[in-house]
Amino acid sequence: MQAGFPEVSTIVQEAASCGDHAALEEFRLRWLGKKGEITTLLKSLGTAPPEERAARGAAIHVLKEAAQSAWDTRKVELDQAAEDAALHAGWVDVTAPSMARPLGRLHPITLLLEEVIDHFTGLGFEVASGPEIEDEFHNFDALNIPKDHPARDVWDTFYTDRREIPRTHTSSVQIRAMQTRKPPIRVISPGRVFRNETIDATHHASFNQVEGLLVDRHVTVAHLKHTLETLVHKLMGRRLETRFRPAFYPFVEPGLDLDVQCVFCSGVGCSICKGSGYIELIPGGLVHPKVLASCGLDPDEWQGFAFGMGFDRMVMMRYGIDDIRRLYDGRLQLVRQF
Ligand code: FA5
């Protein structure tokens, strides 16, 4: 190597470390350009002592070849990298995971029903079902609601042309359960019911009830009260104020209504509870002796309690849904749990 000349390896490494085309251009200007270092060395040959000129000229030629070849190599590499990047930008990676889509969830009615079924099956109840299109016997007659009795008017009944009834309540399943089982009987029966009602925030023409029936010996109102209070407190997850009011239903004696403190106004009174501070949730009572008899059970031997929970209202209270129509119009979104 000539004294004062750069090392070939230095030039080659410098070219290899150029990160992009701009850096490579700087490299070219510095070594191979008209005012570059190798050109300057070539120009200096004329002033070198004659005996050194051949050796210096050969050394400069080696430097120039090395610089040019290092530039060529790096240029090909950078061109290839740029081409790859452009290709990747337009790539569709068919192995990549697909975009996340929002998943559906179980409807609040289904969610709460699972809890209710879990609660009652844990207490030894079984789940029974009955037809949604009923006959008058199961929907009314056997429940101590004779034909032409004004009590029938309470349930705004739809009738088909053949005088079948889209059932007005799940109490018809009480009858079917007592006809097909021997006491002791413990059943719950969730299901849809239908009424010719004016629809508002707490009333729908098609809604859900959960019927409960227990038939055994020595059954009292205390058993019913405890069962209903325990249920409400378990489902609502906190102690809400409850109250029992006497009520009339032809198929129970005595009859009562369990009202639950309105969660929307904490009992102060609002449009949903119609200013009362309570929402009527679960009617019930002791099974009327005539109903037991109509199912072939001796009322002197067997007693029972029954209830018919307004399940949509329970769901509304639990999830803070302030309008029953939201449960059916497909616009349920954020569900807040009280
Ligand atoms: C009955 O349907 C009785 N079969 C309940 C019963 C069963 C009483 C066993 C005694 C023994 P009622 O018509 O009140 O009762 O309805 C029961 C519950 O359903 C009501 O307390 C209320 O929470 C709910 N409910 C009534 N009408 C509607 C409606 N249009 N929309 C939504 N929920 C309703």
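Bear in mind that the values here come from a model prediction, so they are computed numbers and not experimental data. Every number for a ligand or one of its atoms is a count from 1 in the order of the listing. The figures here come from the full heavy-atom set of this structure, side chains too, leaving out hydrogens, waters and symmetry mates.
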Among protein heavy atoms, which lies nearest [atom], and at what distance?
{"atom": "atom 24 (C) of ligand 1", "value": "G310 CA, 3.6 Å"}
{"atom": "atom 5 (C) of ligand 1", "value": "P283 CG, 3.7 Å"}
{"atom": "atom 15 (O) of ligand 1", "value": "Y249 CE2, 3.6 Å"}
{"atom": "atom 25 (N) of ligand 1", "value": "F207 CE1, 3.5 Å"}
{"atom": "atom 16 (O) of ligand 1", "value": "Q209 NE2, 3.3 Å"}

Legend entry - Check: L214 main-chain N/O paired with R186 side-chain donor or acceptor under 3.5 Å: no
Legend entry - Selection from E197, H204, E280 by shortest heavy-atom distance to atom 31 (N) of ligand 1: H204
Inset, instruction - Would you mind finding which of M316, R195, E211 brings a heavy atom closest to atom 2 (O) of ligand 1? - result: R195
Inset, instruction - Taking only Lys NZ, Arg NE, NH1 and NH2, and the carboxylate oxygens of Asp or Glu, determine whether D156 and R195 approach each other closer than 4.0 Å. - result: no
Inset, instruction - Taking the side chain as every heavy atom from C-beta outward, state whether P131 and R176 have any atom pair closer than 4.5 Å. - result: yes
Out of curiosity, is [X] lining ligand 1, as in a heavy atom under 4.0 Å away?
{"X": "Q174", "answer": "yes"}
{"X": "I279", "answer": "no"}
{"X": "D312", "answer": "no"}
{"X": "F251", "answer": "yes"}
{"X": "G284", "answer": "yes"}

Between [X] and ligand 1, which residue portion shows a heavy-atom distance shorter than 4.0 Å: side chain, backbone, both, or neither?
{"X": "T202", "answer": "backbone"}
{"X": "L281", "answer": "backbone"}
{"X": "R313", "answer": "side chain"}

Inset, instruction - Output, in order, the C-alpha distance, side-chain angles, deciding distance and verdict of salt bridge (charged side-chain N to carboxylate O under 4.0 Å, His left out) for R192 and E132. - result: CA-CA 7 Å; R192 188 167 271 228; E132 288 184 349; 5.3 Å; no
